[in-house]
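Chain letters run A, B, ... following the sequence lines, proteins first and then strands; every chain starts at 1.
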There are 2 protein chains.
Amino acid sequence: MKVLTKKTDYAIRALLMLGAKRGSYVSARTIAVEQDMPYQFLRGVLQEMIRHDLIVSKEGVQGGFMLEKDPDEIRVKQLIEIFQGTVQVSECMFRKQICANRSRCVLRHEIMRIEQVVNNEFEQVTIGKLLRKLTLADHVMLASGNMEATENK
Amino acid sequence: MKVLTKKTDYAIRALLMLGAKRGSYVSARTIAVEQDMPYQFLRGVLQEMIRHDLIVSKEGVQGGFMLEKDPDEIRVKQLIEIFQGTVQVSECMFRKQICANRSRCVLRHEIMRIEQVVNNEFEQVTIGKLLRKLTLADHVMLASGNMEATENK
DNA sequence: TTAATTGATATCAATATAGTGTCAGTTTAG
DNA sequence: CTAAACTGACACTATATTGATATCAATTAA
Ligand code: FES
Ligand code: FES
């Protein structure tokens with residue numbers, strides 16, 4: 001059972017990188033190379049995030065993506081919803097018989113309670129929190145990229 | 001995002017039915033018809049549960065499946081593990097760079113914490129608890145099946 | 001002008017989930 | 001003793017989801 005798919009995974013990591021390099025545009029190519037993600041796939045993810053106003057972009061040479069929204073307002077829950085749809089524990093168990101009485105069904109109740117808990121957890125985690133939790137060393141890595149790519153030219 | 005797959009769903013519902021009719025054998029056909037599940041698919045699910053010693057079976061006419069284990073010891077968590085594999089939020093985010101230092105990675109930490117919470121929730125829910133939560137009306141339905149199928153012959 | 005970029009889409013491949021079919025062996029009612 | 005109702009054990013198909021690639025037009029800075 002996998003809770004986060006690649007899209008969500010890549011989205012979080014891309015946002016962390018944009019968060020670490022705030023103020024400047026970072027190209028999809030750069031993110032893809034440094035974080036080791038498939039380029040075209042990542043681009044799709046980034047575009048989806050643009051559509052949801054999480055990031056902005058600039059076309060052309062020196063273009064790329066930039067994080068504008070406050071990192072503390074980007075919740076992992078939202079990312080999951082964007083890339084994996086609303087969390088639902090089960091479509092609707094117990095169709096035929098018990099479901100005749102949806103509102104009363106205690107099973108559904110129990111399941112929905114768990115749904116609530118899970119959602120709550122993911123709602124707590126924001127890109128901002130994750131950024132702050134990164135150790136200095138990690139942070140530097142995220143901000144500067146890998147060495148080959150950064151050799152002072 | 002779907003947390004419970006059909007297999008888990010069917011497994012829970014089948015167990016509830018077996019739990020409601022404890023002591024007697026219930027055939028896959030009966031469960032399938034009364035709970036509206038695909039017969040062969042359900043059979044696969046039942047066999048899997050036998051392999052994990054959750055239920056026992058009897059072949060031949062008047063045969064079927066029976067719940068032997070204490071319903072309070074059958075946790076939804078175990079069912080999820082059987083039919084969907086261990087819960088893992090993400091394979092392992094942040095491969096290339098940060099992962100050089102797995103033990104230190106705070107992101108992984110955060111993710112694993114949530115994993116813990118989710119697992120905990122599903123560990124709390126047992127077939128026994130669900131059975132007790134069923135209202136009397138539901139219980140009767142589960143135990144007696146639908147009317148057409150039960151007409152005293 | 002050209003190379004580095006994003007926008008927008010179309011398509012494909014891989015994997016996971018859901019469901020069906022078949023046949024051999026067991027049991028019990030008649 | 002036999003037929004019908006069962007499970008055991010697989011092999012198979014279908015559908016959906018996820019992951020990834022490819023193409024081409026438009027934009028921009030050097
Ligand atoms: S689960 Fe659908 S109503 Fe009980
Ligand atoms: S997530 Fe793999 S180590 Fe940080």
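A salt bridge links B:D72 and B:R132; the closest N-O separation between the charged side-chain nitrogens and carboxylate oxygens is under 4.0 Å. Using a 4.0 Å cut-off between charged side-chain N and carboxylate O, A:E48 and A:K7 make no salt bridge.
Taking atom CZ of residue B:F41 and atom P of nucleotide C:dA18, one finds them 6 Å apart after rounding to whole Å. If you measure from atom CD of B:Q40 to atom C1' of C:dT17, you get 17 Å, rounded to the nearest angstrom. If you measure from atom CD1 of A:I82 to atom P of D:dT18, you get 15 Å, rounded to the nearest angstrom. In this entry the distance linking CG of B:L42 with P of C:dG21 reads 16 Å, nearest Å. With rounding to whole Å, A:I31 atom CD1 is found 13 Å from C:dT5 atom C1'. Here the P atom of nucleotide C:dG7 and the CD atom of A:E59 are 6 Å apart, to the nearest Å. A:K6 has its NZ atom 11 Å from the P atom of C:dA16, to the nearest Å. Rounded to whole angstrom, the span from the CG atom of A:L4 across to the P atom of D:dT17 amounts to 18 Å.
Heavy atoms from other residues, nucleotides or ligands lying under 6.0 Å from CZ of B:R29 number 12 at most. Other residues, nucleotides and ligands contribute more than 12 heavy atoms inside 6.0 Å of the CD atom of A:Q124. B:Q116 CD: 12 or fewer foreign heavy atoms inside a 6.0 Å radius.
At the phosphate of D:dG8, OP1 or OP2 sits under 4.0 Å from a side-chain N or O atom of B:S57. Proximity of A:K7 to the phosphate of D:dA20: no side-chain N or O atom is located under 4.0 Å from OP1 or OP2. Look at B:S27 and you won't find any side-chain N or O under 4.0 angstrom from OP1 or OP2 of D:dA5. For A:Y10, a side-chain nitrogen or oxygen approaches OP1 or OP2 of D:dA20 to under 4.0 Å.
The 5' end of DNA chain C is approached more closely, in terms of each residue's nearest nucleotide, by A:F65 than by the other of B:F83 and A:F65. Annotation: of the two residues near DNA chain C, A:G64 and B:G60, the 5′-most nearest-nucleotide partner is A:G64. Remark on DNA chain D: of its neighbouring residues A:Y39 and B:K58, the 5'-side contact belongs to B:K58, judged by nearest-heavy-atom nucleotide.
Of all nucleotides listed (C:dT6, C:dT27, D:dA29), C:dT6 comes nearest to the side chain of A:A28.
Contacts between residues 44-56 of chain B and DNA chain D, counted as heavy-atom distances below 4.0 Å, involve B:Q47, B:I50.
Using modelled atom types, one finds a donor on one side chain and an acceptor on the other under 3.5 Å when comparing B:T8 with B:Q84.
A:Y39 is linked by a ring-ring contact (aromatic ring centres under 6.0 Å, His included) to nothing, counting only residues two or more places apart in sequence or in another chain.
Nucleic acid contact class of A:R29 (heavy atoms, under 4.0 Å, all strands): none.
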